[in-house]
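Worksheet for the structure shown next.
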Amino acid sequence: MRFSRAFIPTMKESPADAEIPSHKLLIRAGFIRKKASGLYDILPLGVRVLHKIERIIREEMDRAGAQEVLLPIMHPAELWIESGRWDVYGKEMIKFKDRHGRDYALGPTAEEMITDLVRKEVKSYKDLPLNLYQIGGKFRDEIRPRFGLMRAREFIMKDAYSFHVSDEDAEREYWNMYETYSRIFKRMGLEFKAVEADTGEIGGKFSHEFMVIADTGESKLVYCEKCGYAASTEKAVQKRPEVPENRESEFKELQKVHTPNVKRIEEVSEFLSVPPENILKLLVYIVDGEAVAVAVRGDREVEETKLKKALKVKDVRLATDEEIERFTGQPKGFLSPVGLSIPIYADYSVIPMVNFVAGAGEVDYHLQNVNWGRDFTVKEFVDVTEVKGGDPCPKCGAPLVGKRGIEVGHIFKLGTKYSEAMNATFVDENGVEKPMVMGCYGIGVTRVMAAAVEQNHDDDGIIWPYEIAPFHVIVIPVNVKKDEIRDTAEEIYETLQREGFDVIIDDRNARPGFKFKDADLIGIPFQVIVGKRAPEGIVEIKVRKSGERFEVPVNEVAKKIRELLYSWSCQ
RNA sequence: CGGGGCAUAGCUCAGCUUGGUUAGAGCGCGUGCCUUGGGAGCACGAGGUCGCCCGUUCAAAUCGGGCUGCCCCGACCA
């Protein structure tokens, strides 16, 4: 590719509506352009990266025994009605009618479509297992598209669905996909972590998310370097503490203290010189329409996904100030568990607490030496607070590491939810008809591109991992008007291409600084700079990632790049 | 959908508070000169129904109302 002919519109300034590095840089470096909220044009450089990502996915999926298909993105409503998701999925789906007035949707995911295909064609256990995948456009009318490609309304996804005769076989395939995904993200050169995840709407026994580690990630995760435990904070569990022996013997007398205008935990902590760990935080939640109190240790935060699961409810939200007063008869900021009329669920973190501080149920007063069991009744101890870095691992007790991540892959065991709803059955070796057991496995292809940038960039621009870079090498003649420089650059360009590298030559008649800036911004791993020493047959290789520079003879450029690549792969 | 903000040249933004000549700058774009190891310089030039509609006024980018689009904060997810 010749830069002078390439459609690579770079720019010096970031668009005003871009917030995070990947969004800014992908636009500045000419990979994408915004069409409308959550909709992006993918430009040639972007397409090159996506193709590379897709190629790795295809190779690994095929190797794992999956087969590629391509289903329509326009889904007939009947299938979604049949699975019961036409209304459940609701506003997230783009729905429309054709000229005959029939309902359709643009597919946000394809369980129905694939199940319909398989139920029609597969009747016997002899045809199972089956793992089918596709790579293509998906549409979700997100409530709030944001962060560029990270949460777009139209995006590219690899979605795979597997069908099995038994739960055991579905589980075997689940772990097959787990290994496959690990290989995929490793090959892409990304730092990632597979974590236990909440199964959400889909349900099922377990599920893993694949997170690309990045500070700007929307998801939080914790992992244990000692035993390997890793989980999304929506899922990460706390070990249930033992109730201390003879705790009653430590109980002190309940006391009411005047705490004028002291509401927040930090304020209470400071005013009474009590650490937050010995203050009870009481929150009122509306769960499926009913008010409940949730008690947690003062330094902990409620994780609503866990709360939802622990209480086995669909909807969870914090009560408004008005609702708090109405349901508890107590003022916000001084809520007391003592004499509270609504049920109190207490987090595990409350179990070991003794003689703690809590609100007194009236303005400007707190209670000291409060004890659960004596002063109020806990309806149930539940695990509902967010696990953080530093907390003990629930498996082995070692301190957990906390990180932020970008969810780029998710694998689920679906069970028979869709096969039962849609009557996808097979006949087993005993002639018995059974529903197929399913699994599903997604990778956000466009999101991977954004995540890769989020994880690999610096002040000058993108730093692509070699495997998914739009080009491996950019050849930069510093002055195309000087024959020796231009000719040497052209020679290197052709040689590298012949040697199998993806290479672009910056043959534009521009000043060197201008070209260097573009090369850094676009993030091509190797820059071959052809300058002053070209007449002596010496050029410079600059490594984008490290900034290292090497002077090498013209005929050893490919060799040197190979050496560098080899040394990286050994790390 | 709730809360907040923005909308002026391709991009980033001034001007608006206190209405009044021909609406500006930098970057980018075109032409010429000059320049070639980190987004050079000079000259000339093109480019705008000031998001849309309604209103107030002798007069609206500027004041008021409505609409639309976009962004940020919460519930969703690859």
Side-chain angles (χ1 to χ4, degrees), chain A residues 9-20 23-24 27-28 33-39 53 57 88-93 108-110 135-160 181 197-198 200-202 207 209-212 218-219 232 234 304-305 308 314-318 320 406-412 440-451 460-461 476-482 485-486 508-521 527 529-534 539-540 542 547 549:
Chain A
T10 60
M11 48 195 198
K12 219 189 280 190
E13 287 176 292
S14 306
D17 55 13
E19 282 279 312
I20 60 171
H23 191 191
K24 288 182 187 172
I27 288 176
R28 281 188 56 204
R33 282 294 182 267
K34 186 166 75 172
K35 186 99 294 176
S37 179
L39 301 175
I53 292 170
I57 293 174
V88 177
Y89 224 95
K91 321 107 261 161
E92 294 251 314
M93 263 202 297
T109 177
I135 298 178
K138 291 283 178 292
F139 299 80
R140 289 184 194 168
D141 199 0
E142 292 284 347
I143 303 165
R144 183 149 87 86
R146 74 186 122 163
F147 300 149
L149 253 31
M150 212 64 92
R151 182 178 300 279
R153 291 194 292 176
E154 178 175 346
F155 56 99
I156 297 172
M157 178 161 100
K158 187 281 311 185
D159 48 326
Y181 273 37
D198 179 56
E201 292 285 314
I202 296 173
S207 160
E209 287 172 346
F210 287 77
M211 305 269 208
V212 167
E218 291 188 88
S219 313
S232 152
E234 290 186 348
E304 295 190 359
T305 304
K308 221 185 278 189
K314 281 193 196 120
D315 256 326
V316 151
R317 65 170 174 86
L318 273 171
T320 62
I406 300 162
E407 185 191 345
V408 291
H410 203 159
I411 58 178
F412 290 97
C440 81
Y441 322 92
I443 293 178
V445 176
T446 34
R447 187 181 275 186
V448 166
M449 178 159 89
D460 292 317
I476 306 175
V478 296
N479 186 343
V480 293
K481 288 193 171 163
K482 296 220 165 102
I485 290 178
R486 191 192 56 233
R508 294 175 297 177
N509 179 23
R511 298 168 62 86
F514 185 86
K515 297 188 189 182
F516 295 150
K517 287 289 184 190
D518 263 355
D520 287 347
L521 178 62
Q527 299 172 10
I529 299 161
V530 183
K532 288 195 187 74
R533 300 190 66 188
V539 297
E540 184 178 306
K542 179 189 161 187
R549 291 166 187 273

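The structure presented is a predicted model; accordingly, all values stated were derived computationally and were not measured. Chain naming here is simple, since letters A, B, ... match the order of the sequence lines and numbering starts at 1 in each.
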Can you identify which nucleotide, out of [options], has its nearest atom closest to the [X] side chain?
X	options	answer
Lys308(A)	A75(B), G37(B), A78(B)	A75(B)
Asp17(A)	C70(B), U36(B), A78(B)	C70(B)
Lys542(A)	C77(B), G38(B), G39(B)	G38(B)

Is the shortest side-chain N/O distance from [X] to OP1 or OP2 of [N] below 4.0 Å?
X	N	result
Arg33(A)	C11(B)	no
Arg511(A)	G39(B)	no
Lys34(A)	G69(B)	no
Ser37(A)	C71(B)	yes

Gap between atoms [atom1] and [atom2], on [X] and [N] respectively (whole Å):
X	N	atom1	atom2	result
Glu234(A)	C76(B)	CD	P	8 Å
Lys12(A)	C27(B)	NZ	P	7 Å
Arg153(A)	C76(B)	CZ	C1'	15 Å
Ile156(A)	A78(B)	CD1	P	17 Å

Between Asp198(A) and Thr305(A), do the side chains contain a donor N or O and an acceptor N or O under 3.5 Å apart?
no
Determine the contact category for Ile529(A): base if any of its heavy atoms lies under 4.0 Å from a base atom, sugar-phosphate if only primed atoms, P, OP1 or OP2 are that close, otherwise nothing.
base
Polar pair under 3.5 Å, donor/acceptor by atom type, side chain [X], base [N]:
X	N	answer
Arg144(A)	C71(B)	no
Glu13(A)	G10(B)	no
Arg549(A)	G38(B)	yes
Arg151(A)	C76(B)	yes
Asn479(A)	G37(B)	no
Glu540(A)	G37(B)	yes

Enter the distance from [X]:[atom1] to [Y]:[atom2] here, rounded to the nearest 0.5 Å.
X	Y	atom1	atom2	result
Phe147(A)	Lys24(A)	CZ	NZ	11.0 Å
Asp520(A)	Lys542(A)	CG	NZ	3.5 Å
Glu304(A)	Glu234(A)	CD	CD	10.5 Å

According to the Watson-Crick and G-U wobble definitions, with both distances under 3.5 Å, which nucleotide is paired to C52(B)?
G66(B)
Please compare Gly444(A) and Lys515(A) by the position of their nearest nucleotide in RNA chain B and report the one closer to 5'.
Lys515(A)
Result for 5'-nearest mapping on RNA chain B, choosing between Thr10(A) and Glu19(A), is Thr10(A)
Close side-chain approach of Met449(A) to Ile156(A), heavy-atom, < 4.5 Å
no
